[in-house]
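What follows is a set of notes on a single structure, which appears directly below.
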2 protein chains.
Amino acid sequence: MSQPSGRHPVVPPTLATVAERAGVSRQTVSNALNSPGLLRPDTLERVLAVVAELGYTPNRAARQLRTRASRLVGLRFEAAQEGASSALLDRFVHSLVETSERIGHHVLLFSGDEDDPLDGYDELLRSTAVDAFVVTDTYAGTPQAAFLQSRGAPFVAFGRPWDDLGAGGASDWAWVDVDGGHGARLATEHLIEQGHTRVAWLGWERSSRIGEDRRSGWETAMAAAGHPVAGLGVRTTDNVDAARMAVHRLLEERPVTGFVCVSDTLGIGVLHALQERGLTPGKEVGVVGFDDSLGAQMVWPGLSSVRQPLEQVAVELVTLLHLVLGDKPVDDRGTMLQPTLVVRRSSRRDWA
Amino acid sequence: MSQPSGRHPVVPPTLATVAERAGVSRQTVSNALNSPGLLRPDTLERVLAVVAELGYTPNRAARQLRTRASRLVGLRFEAAQEGASSALLDRFVHSLVETSERIGHHVLLFSGDEDDPLDGYDELLRSTAVDAFVVTDTYAGTPQAAFLQSRGAPFVAFGRPWDDLGAGGASDWAWVDVDGGHGARLATEHLIEQGHTRVAWLGWERSSRIGEDRRSGWETAMAAAGHPVAGLGVRTTDNVDAARMAVHRLLEERPVTGFVCVSDTLGIGVLHALQERGLTPGKEVGVVGFDDSLGAQMVWPGLSSVRQPLEQVAVELVTLLHLVLGDKPVDDRGTMLQPTLVVRRSSRRDWA
DNA sequence: GATGCCCGTGTGAACGATCAAATCCTAGCG
DNA sequence: CGCTAGGATTTGATCGTTCACACGGGCATC
């Protein structure tokens, strides 16, 4: 019979423990870990030996209290709307966690009321629970950025400051973003290369900054190839059925043979519509989605898609974070990354 | 022209600030927040008014140092293997974050070397960075559980202790799990109800505890209905193409009209195979997947799937966590939740 | 040989909260 | 009117670390 609760939360050693054992003072041990250069080599070695022997790790709370730095980064973790691309966030978050650890930080998740984009930030700030934030939903008009700036709280953003980009306004914060326009352009050029001339755009409502940015890439590519776009730009809500029906309507009117979509969800809607009309994706009508989600990989016959370098986004964000927290001058406040095109059978004439 | 860095990290008020302003001592303010019952009503009101006015929130570091409790819960965030169900974790994590906040805890993410399931835990423990852990990958044989127990670290697990369940061993920790066998049974019974008698099982290698548990549900349901299962249980790796080919092989040999799959990935593989053979899912051959992933919702014509109550799992875990941290006796150390069946067209004779 | 400097190390205080115990206040009672 | 019980409030110490500065010895300078 085992003890129901043999809980002896093993007491970790403290600085004093190590100091006594190594025959030096607390401060010397502290220096050995934080500024090794200050110690004489032999002292350093002796101290580090004891540290290793006892498995000493500084108490985070004590350090945080004294230095006023928690070495924690706050990230508001939104609930993925049912049906939206969430695997996207997954890749991003994992990379963020891993990269942050490399500069000695951990990621703290928090949630907030969906209707109030500022909820949660304030409390963490006041309790000095985090050193900085990673803001991911700047597309919505970004009240967070303004709020954090007014509070003097360091942060980095995944998403460019749409509002006053280049306006010289107050929006000069550190950000990283992916060039969606370029992605859509790659997709469009790819379809044109495959011999399509009437390539349609399937996007979101006009109010979406991100959506319009991507759309502009389609327009640019079409214009460059000399193909007209009149009547080929369609807007709908982000779900499979809405896309499916929009495609049916469009195909009744015009002989479209290519679709560039603002999301994989819409791309999959296109595939469904084609299937219902007896058209073979790729061979007869080319389709490209956006985000390279799980669905794109698994759907039949494989949906070509624009893939965002989310891992790289996280890496760049952490790099910026490091600078911001180090109070170093950040000259390059914005970093734009380029997406790539993943070609699958939905956009290939030959299915080889 | 704006100041490049107007960073005045606004200094939050401390206990002393509030105390002075309210004309009481620090301790009284502390009591007002932690044990309001000790104060006289009028004093309490006065103190709380000042707290609200100044927007005071206790400094987490100081509190953590003194009470030896960080109010943080560690969660190792694994990278989703490309192609695996990750949206699954998304729902779970969000619910965990939200529920934890309700008992005053935040979720701290950390990563670790993929090959070493213990990596990361030790450091957080020694630095007293977290109060407890939520362990999610107990299926692998769970060295984490044994390790955490030996360190006297509180934790709760998503996943039952397979190894010595009921063996009276050391594995009596708090856990929550989903009854996969029951889920597979629901799926099988549903197909039988639809008139199928030769229902196959498409699963993972025998080494997977979870996979075998689910399979047992299929066997039970088939036996209960009096249908033989000989030759109908197929094992493969978890990817679309492997499943597709396995299905082709099986259909060459036997007239199967139903498939219960251990994952949506395999379920989608079945749909692909049917499509290639000109068979209509649902109408001719019934298919049910597992996990109700995004792919299941988006794939044509909609894949029926067993849905795990992940939000509820998180809620139950937090409840257990609360008990474990409160040092209260936890009588019900294990909680088993039941999944539900989401029926879509892939398993319905009538597509209405 | 005294002065000044630098380098490595040690000492006391401080960060902001809570714990334990002392002190104050008020009411009740003989 | 004094004494006490008991609740309300304050005081001093403490958690483990880092900061600011003091200290002492060795070396170069004059």
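Please read all numbers here as calculations on a predicted model, not as lab measurements. In what follows, every chain begins at residue 1, and chains take the letters A, B, ... in the order their sequences are listed.
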So which protein nitrogen or oxygen atoms get under 3.5 Å of nucleotides 22-27 of chain D's nitrogens or oxygens?
none

Review point. Is the shortest heavy-atom distance from the side chain of Val134(B) to the side chain of Leu317(B) under 4.5 Å?
Key: yes
Quiz item: Do the side chains of Tyr121(B) and Phe133(B) get nearer than 4.5 Å, heavy atoms only?
Solution: yes
**Q.** Trace of the side-chain contact (heavy atoms from CB on, under 4.5 Å) decision for Phe158(B) with Asp177(B)
**A.** CA-CA 6 Å; Phe158(B) 178 4; Asp177(B) 207 351; 3.9 Å; yes
Residue set satisfying ring pair (Phe, Tyr, Trp, His ring centres under 6.0 Å) with Phe147(A), at least two apart, ordered chain then number -> none
By side-chain hydrogen bond (donor to acceptor under 3.5 Å, both in side chains), Ser127(B) pairs with (sequence neighbours left out) none
Residues at least two apart in sequence or cross-chain that pass side-chain hydrogen bond (donor to acceptor under 3.5 Å, both in side chains) with Arg26(B), listed by chain then number, are none
Here the residues of residues 39-50 of chain A within 4.0 Å heavy-atom distance, strictly under, of DNA chain C are Leu39(A), Arg40(A), Thr43(A)
Sequence neighbours excluded, the answer for salt bridge (charged side-chain N to carboxylate O under 4.0 Å, His left out) partners of Arg71(B) is none
Sequence neighbours excluded, the answer for salt bridge (charged side-chain N to carboxylate O under 4.0 Å, His left out) partners of Asp122(B) is Arg126(B), Arg151(B)
So the contacted stretch of DNA chain C, first to last nucleotide with an atom under 4.0 Å from a non-hydrogen atom of chain B, runs from dG16(C) to dA20(C)
- Indicate whether the side chain of Ser111(B) and that of Glu101(A) have a donor and an acceptor atom separated by less than 3.5 Å. yes
Between the protein and nucleotides 18-20 of chain D, which nitrogen or oxygen pairs are less than 3.5 angstrom apart?
{"from": "dT18(D)", "atom 1": "OP1", "to": "Asn34(A)", "atom 2": "ND2", "distance (Å)": "3.0"}
{"from": "dT18(D)", "atom 1": "OP1", "to": "Arg63(A)", "atom 2": "NE", "distance (Å)": "3.0"}
{"from": "dT18(D)", "atom 1": "OP1", "to": "Arg63(A)", "atom 2": "NH2", "distance (Å)": "3.0"}
{"from": "dT18(D)", "atom 1": "OP2", "to": "Ser30(A)", "atom 2": "OG", "distance (Å)": "2.7"}
{"from": "dT18(D)", "atom 1": "O2", "to": "Arg66(A)", "atom 2": "NH1", "distance (Å)": "2.7"}
{"from": "dT18(D)", "atom 1": "O4", "to": "Arg26(A)", "atom 2": "NH2", "distance (Å)": "3.4"}
{"from": "dC19(D)", "atom 1": "N4", "to": "Gln27(A)", "atom 2": "OE1", "distance (Å)": "2.4"}

>> For a quick test of reading the model: is some side-chain N or O of Thr14(A) closer than 4.0 Å to OP1 or OP2 of dG16(D)?
In response: no
OP1 or OP2 of dG16(D) less than 4.0 angstrom from a side-chain nitrogen or oxygen of Arg60(A), does that happen here?
-> no
Residues 51-70 of chain B vs salt bridge (Lys or Arg N to Asp or Glu O under 4.0 Å), sequence neighbours excluded, gives Arg21(B)-Glu53(B)
Checking Leu54(A), Val11(A), Val50(A), Val29(A) against Thr17(A) for side-chain contact (heavy atoms from CB on, under 4.5 Å), the one that qualifies is Leu54(A)
CH2 (Trp173(B)) and CG (Leu320(B)) are apart, to the nearest 0.5 Å, by 13.5 Å
Nearest heavy-atom approach of Arg91(A) to Leu310(A) is NH2-N, 3.6 Å
Ser70(A) and Asp131(A) have their tightest heavy-atom pair at N-OD1, 2.6 Å
Looking across every strand, which nucleic acid part, if any, lies under 4.0 Å from Leu65(A) by heavy atom: base, sugar-phosphate, or nothing?
-> base
With five pairs defining each end axis, the helix from dG1(C)-dC30(D) to dG30(C)-dC1(D) comes out bent, to 10°, by 60°
Pairs under 3.5 angstrom only: tabulate donor-acceptor contacts from the side chains of residues 35-46 of chain B to other protein residues two or more places apart or in another chain.
{"from": "Arg40(B)", "atom 1": "NE", "to": "Asp42(B)", "atom 2": "OD1", "distance (Å)": "3.3"}
{"from": "Arg46(B)", "atom 1": "NH1", "to": "Ala22(B)", "atom 2": "O", "distance (Å)": "2.6"}

